[in-house]
**Student:** 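Okay, here's the structure, questions in a sec.
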Amino acid sequence: MEIGNKVYLNNIDQIDEKSHIKVRVLKIWNFVRNNKVCSIEMIIMDEEGTQYQARVFNQNFSRFRHLLKEDESYIVIKPNMAAVTNGFSYTGHKQTLTLDWKSILKKCDDFSGPVNGFMFVDFNSIIEQTCPKDTFFDVIGHIVSFRPLETSNPVPSKHYIKVTLSNLDSVHLKVTIFGSQAYQISEYLKNNPTVNFVVIVMQFLKLNIWNGLGEAKSHFEVTKLFINSDIYEINEFKNKLKCHDNFGITEKSITTLQSYSSSYTDDFKGNFPLKTICEITEPIKEMKFLLVASIVNIRQNLPWYYEACKKCGKKIIPVPKTNHSYTNPEGISETMVVECTNAQCKKSEFQYIIPINVQDCTGTIGLTLFDREARRLLNISAYELKKIHDAAGDSDALFPMQLNVLKNRKFGFVVDITEYNVNNYNNIYTVLRVTEDMSIVCELESKIELMSIQSVSLNQVALESDDVVQPVQKDVISQTDESFTPSTVDKSTATSPCKISGDLKRNLQKFMMLILDMI
């Protein structure tokens with residue numbers, strides 16, 4: 001069969017039925033939804049080193065699945081093109097190449113392009129967030145420190161390890177590696193304790209912003225990991241590393257840091273009192289306490305994110321800016337720009353402020369989950385989730401469906417009752433720490449059970465005639481799933497749920513705005 005003229009991916013729009021493309025498959029994986037493989041996804045590269053996203057939909061699996069293999073090269077004839085619609089392009093292009101019913105795929109034995117197609121970026125560009133934000137990038141460096149594998153999440157793909165890489169200029173970059181690759185690097189470090197330098201290449205990473213600084217993170221099973229592999233790039237890096245006198249090549253230079261689970265364990269085994277919801281319904285005094293409860297819902301019609309300063313995390317405020325026209329001196333317009341209350345801060349980002357309801361065996365109460373803990377649980381930034389939410393055309397008044405993964409899960413919380421809560425008699429408290437580590441949760445539940453056994457209720461004590469329990473007539477807010485129920489705390493009578501009033505909803509919305517103003 002005549003394959004016609006060769007076309008490169010940079011000129012993909014010029015391809016016709018008589019031309020072909022030579023490509024190498026750098027990465028291949030399945031896209032799964034609802035336990036069903038919807039498509040075969042690939043990142044391909046041509047002989048010029050240009051990378052492109054490619055795809056085979058499930059109706060064409062029988063034609064191509066048995067042919068496609070990672071690190072193999074192919075001749076592609078009559079490919080189709082489709083638009084990238086989710087806002088994130090794996091390779092920076094606005095289209096993806098698709099193989100459909102008329103496409104032809106043949107093995108290629110004379111591919112003359114790069115082998116791996118690494119596209120390394122400078123560590124400083126990641127830290128300063130000037131690297132690509134909506135596409136993948138690659139890094140190379142040697143490990144200077146790491147934290148042990150974190151496995152507290154019940155989902156194995158969310159287990160992770162954090163490593164710090166150093167480049168040849170001694171610039172350090174933090175990288176978070178998830179899933180099977182986290183286990184791969186953890187096993188290597190465990191089984192090779194005498195190796196002085198561990199040089200790794202990570203291909204297809206994403207930018208992650210933490211406390212205003214850029215970091216890198218792996219992306220599901222898409223990211224490729226090379227650990228001290230016998231490839232040109234790693235060998236060259238090692239040779240250059242040996243030429244640097246500042247590196248003590250004969251000394252082991254990898255530091256093992258305390259795991260995050262250990263620091264979290266310390267938080268949950270500290271001096272904070274353990275409480276049940278019925279004990280902390282009223283914000284009587286400032287305190288931090290431990291709580292075991294399940295998230296039962298996310299409250300609607302309240303903000304789930306806010307725009308914050310990248311540097312200090314405080315809420316930014318809109319301010320008017322006067323625009324002068326250089327072509328028309330009398331033409332003056334005004335636009336709104338955002339500024340941090342701290343004049344030294346310049347950039348902003350979206351951060352989480354998720355209003356959740358949690359429940360234990362004694363009641364339900366509202367908490368606020370902020371960015372650090374929310375990102376750790378969701379494994380996606382507020383910025384990325386907002387882009388997905390906006391692309392779906394959903395209203396900001398509704399929280400994204402991705403937040404539903406938090407519901408019906410039991411956590412241990414470190415909660416803060418602040419001065420604001422006490423002064424304003426407001427019982428929507430702030431979450432400082434959250435863990436799903438079952439060893440911690442079960443230990444806290446055992447302590448609660450022991451406390452309940454040791455306690456003596458008023459109903460078990462005979463009261464003298466003078467010992468009358470006076471009812472408390474303060475109104476508090478008891479929050480239940482999908483609504484808020486006002487109730488009166490009255491020890492002599494049982495409370496009954498009633499529908500929330502419009503005034504109460506407005507008051508809660510005002511409270512969320514007050515929280516944002518305080519940030």
Side-chain angles (χ1 to χ4, degrees), residues 4-34 36-65 67-68 70 74-105 113 117 119 131-138 203-207 219-224 350 380-396 398 400-402:
N5 297 327
K6 180 164 63 176
V7 175
Y8 295 100
L9 290 171
N10 274 330
N11 302 313
I12 190 67
D13 293 336
Q14 299 176 12
I15 197 167
D16 55 33
E17 294 194 353
K18 296 181 180 180
S19 54
H20 72 279
I21 309 171
K22 285 186 178 181
V23 299
R24 180 176 176 84
V25 177
L26 297 179
K27 183 67 183 181
I28 186 168
W29 69 97
N30 292 330
F31 174 70
V32 179
R33 176 177 290 165
N34 298 327
K36 179 182 177 182
V37 179
C38 300
S39 63
I40 299 171
E41 300 289 327
M42 293 171 285
I43 296 177
I44 60 175
M45 175 185 64
D46 68 9
E47 291 178 311
E48 291 184 329
T50 302
Q51 296 180 10
Y52 230 83
Q53 184 178 348
R55 175 179 295 141
V56 179
F57 288 108
N58 55 7
Q59 58 264 40
N60 295 302
F61 282 177
S62 60
R63 298 193 63 220
F64 300 108
R65 175 181 271 171
L67 294 173
L68 290 167
E70 200 167 293
Y74 302 91
I75 294 172
V76 182
I77 304 170
K78 299 180 183 179
N80 204 342
M81 304 300 293
V84 174
T85 58
N86 64 358
F88 182 86
S89 170
Y90 294 144
T91 59
H93 299 284
K94 295 182 179 179
Q95 296 184 101
T96 179
L97 185 147
T98 61
L99 302 179
D100 60 16
W101 64 273
K102 66 178 182 179
S103 302
I104 298 172
L105 190 71
M119 302 177 70
C131 67
K133 293 182 176 62
D134 296 320
T135 186
F136 288 134
F137 55 81
D138 311 332
Q203 191 174 25
F204 310 132
L205 293 171
K206 289 183 69 176
L207 176 66
H219 185 69
F220 300 103
E221 298 302 315
V222 180
T223 300
K224 295 182 74 172
F350 292 114
I380 185 173
S381 69
Y383 167 76
E384 292 170 322
L385 186 53
K386 186 178 186 302
K387 282 207 306 184
I388 296 172
H389 194 60
D390 292 344
D394 294 330
S395 168
D396 273 350
L398 302 174
M401 64 178 182
Q402 288 84 351

**Student:** Quick check: closest heavy atoms across Asn10 and Asp46, and the distance to 0.1 Å?
**Tutor:**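 The answer is N-OD2, 4.3 Å.
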**Student:** How many angstroms lie between NZ in Lys133 and CG in Leu207, if you round to the nearest 0.5 Å?
**Tutor:**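 It comes to 6.5 Å.
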**Student:** Which residue pairs pass the salt bridge (charged side-chain N to carboxylate O under 4.0 Å, His left out) test when at least one of the two sits in residues 51-65, sequence neighbours left out?
**Tutor:** Glu41-Arg55
**Student:** If we only count heavy atoms from C-beta on, is the Ile43 to Trp29 side-chain gap below 4.5 Å?
**Tutor:** yes
**Student:** Would you say the side chain of Leu99 lies within less than 4.5 Å of the side chain of Val76, judging by non-hydrogen atoms?
**Tutor:** yes
**Student:** Please examine the side chains of Gln203 and Leu26, heavy atoms only from C-beta on, and report whether any two atoms are closer than 4.5 Å.
**Tutor:**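 Heavy-atom side-chain distance check passes, below 4.5 Å.
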**Student:** Which heavy atom of Lys387 sits nearest a heavy atom of Asp134, and at what distance?
**Tutor:** NZ-OD1, 2.6 Å
**Student:** What is the minimum heavy-atom distance between Thr98 and Ser103, and which atoms define it?
**Tutor:**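 Scanning both residues, the minimum pair turns out to be O-OG, 4.0 Å.
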**Student:** Once rounded to the nearest 0.5 Å, what's the spacing between atom CZ of Phe31 and atom CD1 of Ile40?
**Tutor:** 13.5 Å
**Student:** Contact between Val23 and Leu97 at the side-chain level, heavy atoms closer than 4.5 Å - yes or no?
**Tutor:** no
**Student:** What class does the angle between the rings of Phe136 and Phe204 fall in, given that below 30° is parallel, 30 to 60° is tilted and above 60° is perpendicular?
**Tutor:** tilted
**Student:** Do Asp16 side-chain atoms and Lys18 backbone N/O form a donor-acceptor pair below 3.5 Å?
**Tutor:** yes
**Student:** Sub-3.5 Å donor-acceptor pair from the side chain of His20 to the main-chain atoms of Val7, do we have one?
**Tutor:**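 Judged by distance alone, no pair lies under 3.5 Å.
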**Student:** Between the main-chain N or O of Tyr90 and the side-chain N or O of Thr135, is there a donor-acceptor pair closer than 3.5 Å?
**Tutor:** yes
**Student:** Please report the closest heavy-atom contact between Phe61 and Val56, naming both atoms and the distance.
**Tutor:**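 Looking at all heavy atoms of both residues, the shortest contact is CE2-O, 3.3 Å.
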**Student:** Considering residues at least two apart in sequence or located in another chain, which fulfil the side-chain hydrogen bond (donor to acceptor under 3.5 Å, both in side chains) criterion with Lys224?
**Tutor:** Asp71
**Student:** Are Ile21 and Ile12 close enough that some pair of their side-chain heavy atoms sits under 4.5 Å apart?
**Tutor:** yes
**Student:** Would you indicate whether the side-chain heavy atoms of Ile388 and Pro400 approach each other to under 4.5 Å?
**Tutor:**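 SC-SC contact between Pro400 and Ile388 ruled out.
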**Student:** From Arg24 CZ over to Glu70 CD, what is the distance, rounded to the nearest 0.5 angstrom?
**Tutor:** 9.5 Å
**Student:** To the nearest 0.5 angstrom, please state how far the CD1 atom of Ile104 sits from the OH atom of Tyr74.
**Tutor:** 16.0 Å
**Student:** Do other residues, nucleotides or ligands put more than 12 heavy atoms under 6.0 Å from the CE atom of Met119?
**Tutor:**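 Count not over threshold, so no.
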**Student:** Does Thr96 use its side chain to pair, donor to acceptor, with the backbone of Ala82 at less than 3.5 Å?
**Tutor:**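 A pair under 3.5 Å: no.
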**Student:** Indicate the atoms forming the closest heavy-atom contact of Val84 with Gln53, along with that distance.
**Tutor:** CG2-OE1, 4.4 Å
**Student:** Distance check, rounded to the nearest 0.5 Å: Thr50 atom OG1 versus Ile44 atom CD1?
**Tutor:**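 Here the rounded value is 10.5 Å.
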**Student:** Please check this pair: side chain of Gln402 against backbone of Leu385, looking for a donor-acceptor N/O pair closer than 3.5 Å.
**Tutor:**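 Such a contact is absent between Gln402 side chain and Leu385 backbone.
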**Student:** Specify the closest pair of heavy atoms between Ala382 and Phe350, including all atoms of both residues, with the distance to one decimal.
**Tutor:** CB-O, 3.6 Å
**Student:** Rounded to the nearest 0.5 Å, how far does CD1 of Ile28 lie from CD of Glu221?
**Tutor:** 14.0 Å
**Student:** Is atom CZ of Phe220 surrounded by more than 12 heavy atoms (other residues, nucleotides or ligands) closer than 6.0 Å?
**Tutor:**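 No.
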**Student:** How about Met401: does its CE atom have over 12 heavy atoms from other parts shown lying under 6.0 Å from it?
**Tutor:**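 Counting neighbours around CE of Met401, 12 or fewer heavy atoms of other residues, nucleotides or ligands fall under 6.0 Å, so no.
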